[in-house]
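It should be emphasised that the depicted structure is a prediction, and the values quoted were computed from it without experimental measurement. Proteins get letters first, then strands, A, B, ... in listed order; numbering begins at 1 in each.
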Amino acid sequence: MDLPTLKPFFEDKPELLQEILDRYPPNGRRSALMPLMWEVQRAERHIGEARLHEIAEIVGVTVTEAKGVMSFYSTFHEHPVGRFHLQVCRTLSCKLAGGDELYRALVEETGLVSGETDAEGTFSLQNVECLGSCGTGPVLQVNDTYHERVTRTRLAELFAEMRAGREPVPTRERGGDNVSADKAERVDAPDGTSVDAPDGTSVDAPDGTSDEEGGVA
Amino acid sequence: MKVVVDGVTLDLPPGTSAIDAVFAAGSDVPYFCSQPYMSPIGACRMCLAKVGAPRKDRDGSWILDEETGEPKIFWFPNLMATCTTAVMDGMVVDTRSEPVKAAQNGMVEFTLINHPLDCPVCDKGGACELQDRAYEYGEGVSRFVFDKRHQEKHHALSDLITLDRERCIHCKRCVRYFEEVPGDEVLDFIERGGHTYIGTLEEGLPSNFTGNITDICPVGALLDATSRFRGRNWEYHHTETTSLDDASGSAIVVDGRTGRIERIKAGHHPEINKTWIDDGTRFGHEYADAPDRVRRPLVRHDGRLVETDWADAMDYVAARLTEVNGRDVGIAIRADATLEEGVAARALADHIGTGQLDHAPRPAGGVIAAGGQARLEELAVAGAILVVGDVTEEVPIVDLRIKDALRGVTPPSLFDHGAPIADLRLKERAPRHAEILTVAAPLRVDLMRHAGRAAQYPAGGERAFFHALTALAEGETPADGDLGMPLEAATAAVDGLRKAETAVVVLGGWVLASLQATEAALHFCRAVGAKPMLLGPMANSYGLELVGVAPSHARYAYGGMLTGAKALILSQLDPAIDPAVAERLDKLELLVVHASFLTATAKLADVVLPAAIGYEKDGTVVNLEGRMLPVRAAPVDAGESRDLTGFVKAFGEAAGQRLEGRSVKSARRWLKKGLGVDLDALPEHGGWAPAKRGPARVAVAVHEAPAHGGALRVPTMVRAEVLDRNPHLRAATGGLALGLHPDDAAALKLRSGDEVTVPVAGVPRRLVVRPSEAVPAGLATVPATPDEPVGLVPIDLKQIALERRALEVA
């Protein structure tokens, strides 16, 4: 039986490969492991075993070692993640700010639990450790973008965008936790066009009536 | 440097680690991650101690304690991992104070958090470092009331090694071992933090040295699959002996229980194998207990072999031998017989009055170089090495010592407590000096991955290869094809050998198979001032050549006596696998076979006498560097098996003669008289064999026909002749391989895994097809056995018979 063969990823990208390898001295070729993995993951949303073998061969290490590096970093994925990779912070500050409610809302909205990807390949849900934005919890990272102080209303907006197939525009807080949520403002969209600040009244405070977490400020 | 450990003052060389200072002082700290001959990494944090040192003032004088007037000791702010701390002049180490004890308690408790504590069902129980340290340094109680981490418990890393991921304490010894010792990085940590586990993506751990990780695992995570659930450590009888599986003379420990060998572990010989052995040596012991083991003497009555006892059998042999002219009797023993057995064979030949005495396999070029040969310790520090052969398969320990040389760290000097626990000169991922190593072979061999230069000369071209190198060394230009590598590379290799302070040329079986190639190689060694290292084919090739178990004339050599003798006494040899030889043996007047198994030859014999195998003998062997090493018998039930000294004793009793070599003791008397060595006073780690050879007999070169043919018999780490009796190794290796270039295999419509029978030099061999790019087109590789030694031989691929086709992937 002929199994379909996967074309080597870097076969038609010799310049890119050379550029990455040239960043390191000849005896440090193994340092190129991670940049090469990033290239693969950016293109294919995960690093399959065939790609791992290819990378290991390029840098001259055993595939076991390449796997050891890849599995050390939770940002490298063994299986494909959905078009929108929802990463919700589960560390203390975000939890105090309503992270659990955010997670439950995401579970309800997507029908997934942490670690799952839906059948259509649209959403992946994952609990992650501290995202380093403790003042603006709860934080949801969609792919590479932070969405801060994610309330139900904002979540609804996010999902509206994502379901329409658009990358949601990040909401970033100005002034961190010294400024209340209703002063939130959208920063410039990636294409440079300015986006209006949302109406303060549309922003709900996090659901403070949660039975499990008790009083959430 | 003056170091004070718990009040004991020591004088230690700079570079010593604090943990070795602690042990040198007779104190103790627990440790899990450090391991002799491997880099210290300070991962387990068990060896913490309070460490302090005096400080110098700006003017260079010691800062003094105001009260005592002595240099003031400044303690480090935190406890230090002694394995990664080097000693300083005036350093003070305290391993007994309360903070140290608290740290040790805490670390034991922490290490045990996720450990399943299933000691009652764990094979390591009773010999477990974690168990011992927990008893010695733990509190005995855990405050961890939560669920432990659960992971896979019976994960087969390979057919030979089982991994229990719950027991693993992440000391990283096994992972570091693979990177640092054999250089095959086939094991790594997967995931991180509390999820970390040991894993591999390489199927079956492709390395010849995987079993060592079961020795160094401080817990019961990595276990030898051949000995799992077979016994408790305290029930085993540990016999420290020397491996007879290859010519390295590696130290091994044979663990036996109720008369059966259950496992083999590496012994410690600091100048030979350190603490490592190859998988063939470790796992290749199951054949000792094979179902077809001959346990009682057999004598042929009415065409059938009938069980009897030694006295009866020997009466028969002695009586029948009187009917044959003594000169027409041939005696041949296998080259892993001990020195004492060699003496016994000589005595037997002298008594019978025959010159037809030989040991086999005996390479044409001999295994003792006239001008002396390199020792393993010299190989390990060599500045230039040329290897001709496949050492990784032939004598795997030589492969490891070459890798020591590549790392460029001289072997450590020993403390009273043994090899340094933490040798601070060793580092993880140390750079390797591949440029000092040149590897040449007729096919691609494993060591070439580590070599700066690799040469692939035509099969059978060893002599031409050395002639070409010698020409190069003498400033001439050799023919290109003979070198198998570019001229510049060969020139660099020759220059390296000439310039290096210690240069070693390792000569494998393919070179030694030809007298002319061996002479050419030794000539080259002299030309560049390199020391040769000759890899003898079996454990005591050196010793038997030394004692002179050799024919009095070339035509009386082993091959000759098979056709010329009228009666034969064969010990552990099996020439009847060749149908032509079997036909001749059948017509002999008397065939006496001393064998452990009912081999093809034994089935033709008039008398079969049960032979002791390597683990069941007492005696001495001489390894490839000329070091005499003790062989000690493990308490194993081998029926009435005896070694050759026992054979000669029984024969002498039947013939009414007290022959020399009738016991180990009697043989040693002869050796003391003949060679001037007192083997009863052999030091623990062996002694150097004398330069003097055994009297009277002269080693004669085997008649040499020019090598030709399409098959190269190759050395194998696993002993090919007993592989079928070693079920675990057989499963792991997939059987004896017929190596073919993929194109050749395709032309013959053969697939990997096909079982075939093919005549190789007239001997039908059952082999498993393994196409490999390493084999050059037009050549087939076949494993060598004692009766079919390494070298180039004819093969008739047209007569290949397919026995079973490999399962096709649907």
Below 6.0 angstrom between ring centroids: does that apply to A/F123 and A/F159? yes
For residues A/M162 and A/V142, determine if any side-chain heavy atom of one lies less than 4.5 Å from a side-chain heavy atom of the other. yes
Under the side-chain hydrogen bond (donor to acceptor under 3.5 Å, both in side chains) test, residues paired with A/E57 that sit two or more places apart: none
A/L102 versus A/P138, closest heavy-atom pair with distance: CD2-CB, 3.8 Å
side-chain hydrogen bond (donor to acceptor under 3.5 Å, both in side chains) partners of A/H85, counting only residues at least two apart: A/Q87, A/Q126
I'd like to know if the side chain of A/R45 and the backbone of A/R42 have a donor-acceptor N/O pair within less than 3.5 Å. no
Contact summary for B/P396 and B/M717, nearest pair of heavy atoms: CG-CG, 4.1 Å
Could you name the residues of residues 154-189 of chain B that have a heavy atom within less than 4.5 Å of a heavy atom in chain A? B/E185, B/V186, B/L187, B/D188, B/F189
Would you find more than 12 non-hydrogen atoms of other residues, nucleotides or ligands less than 6.0 Å from A/H79 atom NE2? no
Are any non-hydrogen side-chain atoms of A/K67 and A/E78 less than 4.5 angstrom apart? yes
A/Q41, A/H46, A/E44 screened by side chain to side chain contact (heavy atoms under 4.5 Å, CB included) with A/R51, the one that passes: A/E44
Heavy-atom distances under 4.5 Å only: say whether B/R429 touches chain A with side chain, backbone, both or neither. side chain
Tell me the residues of residues 191-216 of chain B whose non-hydrogen atoms fall below 4.5 Å from those of chain A, in number order. B/E191, B/R192, B/G199, B/T200, B/L201, B/E202
